Amino acid sequence: MVDPRISIINDRLKATRNIVAVSSGKGGVGKSLTASTLALILAKRGYKVGLFDLDFTSPSTHVILGIEDVKPKEEKGIIPPQVHGIEYMSIIYYSGEHAAPLRGADVSNALIELLAVTRWSTLDFLIIDMPPGIGDATLDIIRLIKQIKFIIITTPSQLAFETIKKLISLLKDLKVQVLGVVENMKMDDSQLIQQKVLSLNVPYLGEIRFDAKIEYAMGDVNELLASNFAKKIGEISSKIVD
Amino acid sequence: MAVGFPMHEWALAESVISTVSQIAKKEGLKEVTEVKIVVGELQQIELDIFEFALSQLKKPELEKAKFKIAISKAQLRCRVCGNKWVFEKGSLSNDNAEAIHFLPEVAHTYIRCPNCGSPDFEVLEGRGIWLKSIRGVK
């Protein structure tokens, strides 16, 4: 038996100029906030942008962007709604506020299904908010999307760095492009993480200072765009736009 | 037939046609005569729309192809207590059944093992669409 969905995924994404996975080894380092803010900033600059929340068991980009009461349109597939100028796709359209307790094989199946039936427009950027780690979703994205590039988020914690070191090692082994590493929640002037990243021959895209007030911007796109976090993501985004 | 094909059966039919064409090319088939497809009940595919989409999307090498579609009951097995049961659409609200139609994995959100109440079950059979076999002329 052959799963017919795999063959159509490439067709669905072939017109997309850049597909960027925002990933990390650990949770809680700011992946979803980076992915959401990056998508917003690129859209504000006039690019056609899609945001796909691939963290099926713990989706959060809809909370960051204050997305409520929108649904995809059905037209020969699923057309993601435009929210804040972004084509937005998430499991929350189907699971709502309920838990989606998925094992690895279910994550793979859901990922394949949504990639096979979602009809993005001709995007300049599709930003993918990844679940943490190097499990099924990461392996599937690498398997199914040949042109995928990664931005990796860490914190100044050496524990977080240890996990992204493994992620970077995997991506290098699989010849997947790493656009660079962002060091989030920085609280001092240590250059330790920067040095460690550069020693791996991976670009260090920049540091973002810990922002105790960023929590107040959750759900409020204007507040988010006015934050120091967004200013830094704006600078970083200029480094990845070709 | 719904106007404008407002269903995602079209997208799934596209994936079937694309895969059959790729296999036909790989196997050197000039003409595909028969395609056997298994459709699982969990996804609640609208068969008339799916079949219509297949007929509309046919490529030249598929012009004479007959699509034989078999329905597979959705069998679930609880990983906690081992209970096996069959999915019944009627046990769900319309909204929840529709969510599973679009993304069968959210079955784990809306369905519980009738014996122990766990959402930790596996779908043994009948999840989505599978290509069973292709016949053709070289």
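Since the model is a prediction, treat every value here as computed from it, not as a measurement. Within every chain, numbering begins at 1; the chains are lettered A, B, ... in the order of the sequence lines, protein sequences first and strands thereafter.
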- Step-by-step side chain to side chain contact (heavy atoms under 4.5 Å, CB included) determination, B/Leu131 to A/Met1: CA-CA 5 Å; B/Leu131 267 181; A/Met1 298 259 266; over 6 Å; no

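For A/Ala100, the parts lying under 4.5 angstrom from a heavy atom of chain B are both the backbone and the side chain. In this structure, chain A has no heavy atom under 4.5 Å from any part of B/Val123. Heavy-atom distances place both the backbone and the side chain of A/Ala110 under 4.5 Å from chain B. Neither the backbone nor the side chain of B/Asn96 has a heavy atom closer than 4.5 Å to any heavy atom of chain A. For B/Gln43, the part sitting under 4.5 Å from any heavy atom of chain A is the side chain, from C-beta outward, and nothing else.
In this structure, B/Lys66 places its NZ atom where only 12 or fewer heavy-atom neighbours from other residues, nucleotides or ligands lie under 6.0 Å away. With a 6.0 Å radius and a threshold of 12 heavy atoms from other residues, nucleotides or ligands, B/Arg135 has its CZ atom at or below the threshold. Heavy atoms of other residues, nucleotides or ligands lying less than 6.0 angstrom from CG of A/Asp173 number more than 12. Atom NZ of B/Lys26 has 12 or fewer heavy atoms from other residues, nucleotides or ligands within 6.0 Å. Atom NZ of A/Lys165 is surrounded by 12 or fewer heavy atoms from other residues, nucleotides or ligands within 6.0 Å.
Rounding to the nearest 0.5 angstrom, the gap separating the CD atom in A/Glu74 from the CH2 atom in B/Trp10 is 15.0 Å. B/His108 contributes atom NE2, which lies 13.0 Å from atom CZ of A/Phe56 (distance to the nearest 0.5 angstrom). The line from NE2 of B/His8 to CD of A/Glu113 is 5.0 Å long, rounded to the nearest 0.5 Å. Here the CD-OG1 distance, from B/Glu105 to A/Thr57, works out to 13.0 Å after rounding to the nearest 0.5 Å. Between B/Phe121 atom CZ and A/Arg103 atom CZ the span is 11.5 Å, to the nearest 0.5 Å.
The closest side-chain donor-acceptor pair between B/Ser18 and A/Ser7 falls under 3.5 angstrom.
Inspection of non-hydrogen atoms places no residue of residues 28-35 of chain A under 4.5 Å from chain B. Residue-level contacts of residues 78-92 of chain A with chain B, in order of numbering, are A/Ile78, A/Ile91; threshold 4.5 Å between heavy atoms. Annotation: residues 137-146 of chain A contacts chain B through no residue [non-hydrogen atoms, separation under 4.5 Å].
Residues B/Ile129 and A/Pro4 form a side-chain contact, since some pair of their non-hydrogen atoms from C-beta on lies under 4.5 Å apart. With contacts defined as side-chain heavy-atom distances shorter than 4.5 Å, the pair B/Glu14/A/Lys76 does not qualify. For the pair B/Arg127/A/Asn109, a side-chain contact is recorded, criterion being any heavy-atom separation below 4.5 Å from C-beta on.
With sequence neighbours excluded, the residues that form a ring-ring contact (aromatic ring centres under 6.0 Å, His included) with B/Tyr110 are A/His98.
Contact count versus chain A (heavy atoms, under 4.5 Å) is highest, among B/Pro119, B/Ala99, B/Ser133, for B/Ala99. Taking A/Asp11, A/Asp106, A/Leu102 one by one and counting their heavy-atom pairs under 4.5 Å with chain B, the maximum is reached by A/Asp106. For the set B/Ser15, B/Ala11, B/Gly128, B/Ala13, the count of heavy-atom pairs under 4.5 angstrom toward chain A peaks at B/Ser15.
Here the side chain of B/Thr109 pairs a donor or acceptor atom with the backbone of A/Ala99 at under 3.5 angstrom.
B/Thr19 pairs with exactly one of A/Val2, A/Ile6, A/Asp3 by the side chain to side chain contact (heavy atoms under 4.5 Å, CB included) rule, that one being A/Val2.
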